[in-house]
Amino acid sequence: MRRVVVTGLGAVTPIGNSVEEFWNSIKQEKIGFAPITRFDATDYKVKLAAEVKDFDPEKYMDKKAAKRMEQFCQFAVAAAGEAMADAGIDMEKEDPYRVGCSVGSGVGSLQAVEREHSRLTEKGPSRVGPLFVPLMISNMAAGNVSIQFGLKGKSLNVVTACATGTNSIGEAFRSIQYGDADVMVAGGTESAVTPISIAGFTSLTALSDCADPTRCSIPFDKDRSGFVMGEGAGVVILEELEHAKKRGAHIYAEVLGYGCSSDAYHITSPAEDGAGAARAMSNALEDGNIATEAVTYINAHGTSTHHNDLFETRAIKLTFGEHAKDLKINSTKSMVGHLLGAAGAVEFIACVKELQEGFIHRTVGLQESDEELDLNYCKQSYTEDVPYALSNSLGFGGHNASILIGKYKD
């Protein structure tokens with residue numbers, strides 16, 4: 001079984017359009033929540049979102065390429081470009097058929113659907129744009145990243161709702177482990193701050209309608225009222241260890257384990273006893289041959305919905321038993337909101353930086369938890385050695401994914 005390491009990071013987020021900006025904002029406990037600007041939200045119950053700010057696609061690609069991409073693809077290409085540069089990948093020195101791509105999106109372009117449906121109803125079927133389908137479909141994030149950087153290896157688009165980013169990185173990890181690729185560009189991307197998206201998630205009672213940016217996304221707090229829609233992309237470079245060492249790459253961390261499961265329970269609610277998420281975590285630990293007692297930190301899915309935070313807590317207790325009380329558990333969504341298909345990838349990057357710097361960020365906004373939510377959800381930040389990080393993602397439909405990373409040891 002081949003070892004897999006992380007050699008590059010790239011991010012576009014509501015609190016920074018690069019990994020450096022994102023991570024500095026995390027340490028400064030900045031929040032990305034503000035009134036929606038993507039459309040007129042006057043008649044909407046939900047007024048806030050975590051939008052990407054000051055993003056200019058022409059900084060990352062030429063104008064013609066940008067015009068042939070919806071924003072979720074632009075975010076992915078921008079993050080992938082940063083990750084490729086960070087890793088120092090020179091495609092002229094690589095076998096392009098050994099460099100693959102696994103970048104997923106949960107919903108693709110709802111903007112394209114809304115725009116072209118309006119054309120259809122107002123002007124007739126002949127006026128629907130000829131590029132509507134290739135602009136809209138979710139696999140075009142992986143397609144455009146591959147085209148932009150000449151990646152001719154395995155190309156994947158994992159769609160598992162809010163678990164997409166974690167599954168995308170996990171499947172890239174497996175692809176390298178089993179010899180399908182030497183390098184994988186992996187992650188998730190999303191741009192879903194649109195009228196139909198906000199209206200739909202509001203009708204589902206999944207979104208917080210709190211108008212206070214400091215109290216709208218408060219995972220594990222007794223006053224939590226739903227998640228805040230975020231957007232952006234996280235992309236990482238995964239590489240077979242010997243390949244990375246041969247070219248003298250900087251190694252951030254090692255990917256040790258990956259676990260999945262299905263609740264097979266409900267289309268939106270996690271299993272109430274947490275058994276499905278617990279199995280994903282235990283599978284990741286078993287895959288990495290790491291004892292539960294060795295893990296001290298979890299980056300939780302932590303959406304700020306009542307069901308997720310309660311049932312994920314139960315899952316952690318099922319997995320770790322009494323050791324759960326010793327864990328430090330935080331939610332990056334307390335600052336960036338819920339990036340849907342990009343969430344797990346951006347949170348993976350947060351985990352890598354936390355390992356690297358020995359810093360566990362605070363769950364910003366958390367004040368007081370319910371009685372059953374009795375674990376350490378990081379009301380404060382911690383500076384300490386972080387040998388392992390376990391990152392959880394749970395998606396509508398019962399998709400559970402966990403990925404375990406650790407400090408690289410030669």
| message | Would the distance check show the side chain of Lys328 and the main-chain N or O of Cys378 forming a donor-acceptor pair, the cut-off being under 3.5 Å? | response | no
| query | Considering residues at least two apart in sequence or located in another chain, which fulfil the salt bridge (Lys or Arg N to Asp or Glu O under 4.0 Å) criterion with Arg279? | reply | none
| task | Give a yes-or-no answer on whether the side chains of Glu82 and Tyr60 include a donor-acceptor pair shorter than 3.5 Å. | result | no
| Glu70 with Arg115: basic N within carboxylate O range, under 4.0 Å | yes
| said: Give me the atom names and distance for the closest heavy-atom approach of Ile169 to Ala345. | reply: CD1-CA, 3.9 Å
| task | Would you kindly say whether Ser138 and Ser105 are connected by a side-chain donor-acceptor distance under 3.5 Å? | result | no
| task | In sequence, state the C-alpha distance, the side-chain angles, and the governing distance for Arg174 and Asp180, and then conclude on salt bridge (charged side-chain N to carboxylate O under 4.0 Å, His left out). | result | CA-CA 8 Å; Arg174 284 280 186 265; Asp180 291 346; over 6 Å; no
| query | Side chains of Thr194 and Arg38: closer than 4.5 Å at any heavy-atom pair? | reply | no
| Sidechain-backbone polar pair: Glu114 side chain, Ile196 backbone, donor-acceptor under 3.5 Å | yes
| query | Would you say Ser334 and Phe220 make side-chain contact, with heavy atoms under 4.5 Å? | reply | no
| Can you tell if the side chain of Tyr44 reaches within under 4.5 Å of the side chain of Leu207, non-hydrogen atoms only? | no
| query | Does the side chain to side chain contact (heavy atoms under 4.5 Å, CB included) test come out yes or no for Glu372 and Thr313, once each step is laid out? | reply | CA-CA 8 Å; Glu372 192 176 341; Thr313 293; 5.6 Å; no
| Residues, nucleotides or ligands: over 12 heavy atoms within 6.0 Å of His250 NE2 | yes
| If every non-hydrogen atom of Asn17 is compared with every non-hydrogen atom of Asp54, which pair is closest and at what distance? | ND2-O, 3.6 Å
| request: Report yes if some heavy atom in the side chain of Asn308 is under 4.5 Å from a heavy atom in the side chain of Phe227; otherwise report no. | output: no
| query | How close do Tyr377 and Thr363 get, heavy atom to heavy atom, and via which atoms? | reply | O-OG1, 2.7 Å
| request: Determine whether the side chains of Glu171 and Ser102 contain a donor N or O and an acceptor N or O closer than 3.5 Å. | output: no
| task | Could you please spell out the steps behind the salt bridge (charged side-chain N to carboxylate O under 4.0 Å, His left out) verdict for Arg127 and Glu122? | result | CA-CA 9 Å; Arg127 300 300 295 275; Glu122 294 169 11; over 6 Å; no
| For atom NZ of Lys245, is the number of surrounding heavy atoms from other residues, nucleotides or ligands below 6.0 Å larger than 12? | yes
| said: Tell me if a side-chain donor or acceptor on Asn139 pairs with a main-chain N or O of Asn157 at a distance below 3.5 Å. | reply: no
| note | Ser168 and Ala186 have their tightest heavy-atom pair at O-CB, 4.1 Å
| said: For the CD1 atom of Ile298 and the CG atom of Asn376, what is their distance to the nearest 0.5 Å? | reply: 11.0 Å
| field | From CZ (Phe173) to CG (Leu238), nearest 0.5 Å | value | 9.0 Å
| Can a donor-acceptor pair be found between the side chains of Asn392 and Ser402 at a distance below 3.5 Å? | yes
| said: Apply side-chain hydrogen bond (donor to acceptor under 3.5 Å, both in side chains) to residues Asn167 and Ser393 and explain how you reach the verdict. | reply: CA-CA 8 Å; Asn167 279 133; Ser393 293; over 6 Å; no
| Would you say Ile31 and Pro213 make side-chain contact, with heavy atoms under 4.5 Å? | yes
| request: Step by step, work out the side chain to side chain contact (heavy atoms under 4.5 Å, CB included) result for Glu51 and Glu231. | output: CA-CA 6 Å; Glu51 298 177 347; Glu231 62 179 3; 3.5 Å; yes
| message | Looking at Val107, is its backbone amide N or carbonyl O close enough to the side chain of Glu190 to form a donor-acceptor pair, meaning the two atoms are under 3.5 Å apart? | response | yes
| field | Donor-acceptor side-chain pairing of Glu272 and His266 below 3.5 angstrom | value | no
| message | Set out, in order, the CA-CA distance, both residues' side-chain angles and the distance that settles side chain to side chain contact (heavy atoms under 4.5 Å, CB included) for Val99 and Phe149, then state yes or no. | response | CA-CA 10 Å; Val99 183; Phe149 300 103; over 6 Å; no
| query | Do Asp287 and Leu404 come within less than 4.5 Å of each other through their side chains, counting heavy atoms only? | reply | no
| query | Does any N or O in the side chain of Ser197 come within less than 3.5 Å of the main-chain N or O of Ala192, such that one atom is a donor and the other an acceptor? | reply | yes
| Out of curiosity, Glu254 CD to Arg3 CZ, how far, rounded to the nearest 0.5 Å? | 4.0 Å
| field | Point-to-point distance, once rounded to the nearest 0.5 Å, from CD1 of Ile26 to NE2 of His361 | value | 5.0 Å
| field | Leu340 side chain near Thr164 side chain, heavy-atom distance below 4.5 Å | value | no
| field | Trace of the side chain to side chain contact (heavy atoms under 4.5 Å, CB included) decision for Ser109 with Leu135 | value | CA-CA 7 Å; Ser109 179; Leu135 286 171; 5.9 Å; no
| request: Could you tell me whether the side chain of Gln148 and the main chain of Asn144 form a donor-acceptor pair under 3.5 Å? | output: no
| From CE (Met140) to OG (Ser146), nearest 0.5 Å | 10.5 Å
| Within 6.0 Å of CZ in Phe39, more than 12 heavy atoms from elsewhere | yes
| query | Quick one: does Ser282's side chain have a donor or acceptor within less than 3.5 Å of a partner on Thr319's backbone? | reply | no
| Residues Gln111 and Ser191: side-chain donor-acceptor under 3.5 angstrom | yes
| Between CD on residue Glu20 and NZ on residue Lys353, distance to nearest 0.5 Å | 8.0 Å
| query | Within 45° of the ring axis of Phe359 and under 6.0 Å from its six-membered ring centre, is that where the NZ or CZ of Lys27 lies? | reply | no
| field | pair Leu375-Lys317: side-chain heavy atoms closer than 4.5 Å | value | yes
| message | Using only atom types and a distance under 3.5 Å, with no angle test, would you say the side chain of Lys333 pairs donor to acceptor with the backbone of His301? | response | yes
| message | Between Gln177 (side chain only) and Val4 (backbone N and O only), is there a donor and an acceptor less than 3.5 Å apart? | response | no
| Pairs satisfying salt bridge (Lys or Arg N to Asp or Glu O under 4.0 Å), at least one member in residues 200-227, at least two apart | Lys45-Asp209, Arg215-Asp221, Arg215-Asp223, Arg224-Asp309, Arg224-Asp370
| message | Can you give me the closest heavy-atom contact between Ala300 and Glu347, atom names plus distance? | response | O-OE1, 4.3 Å
| message | So if I apply the side chain to side chain donor-acceptor pair (under 3.5 Å) rule between Glu354 and each of Tyr382, Tyr297, Trp23, which one comes out positive? | response | Tyr297
| query | What closest approach, in Å, do Ala41 and Val46 show between heavy atoms, and which atom pair accounts for it? | reply | CB-O, 4.2 Å
| query | Where the side chain of Lys152 meets the backbone of Arg98, is there a donor-acceptor pair that is under 3.5 Å apart? | reply | no
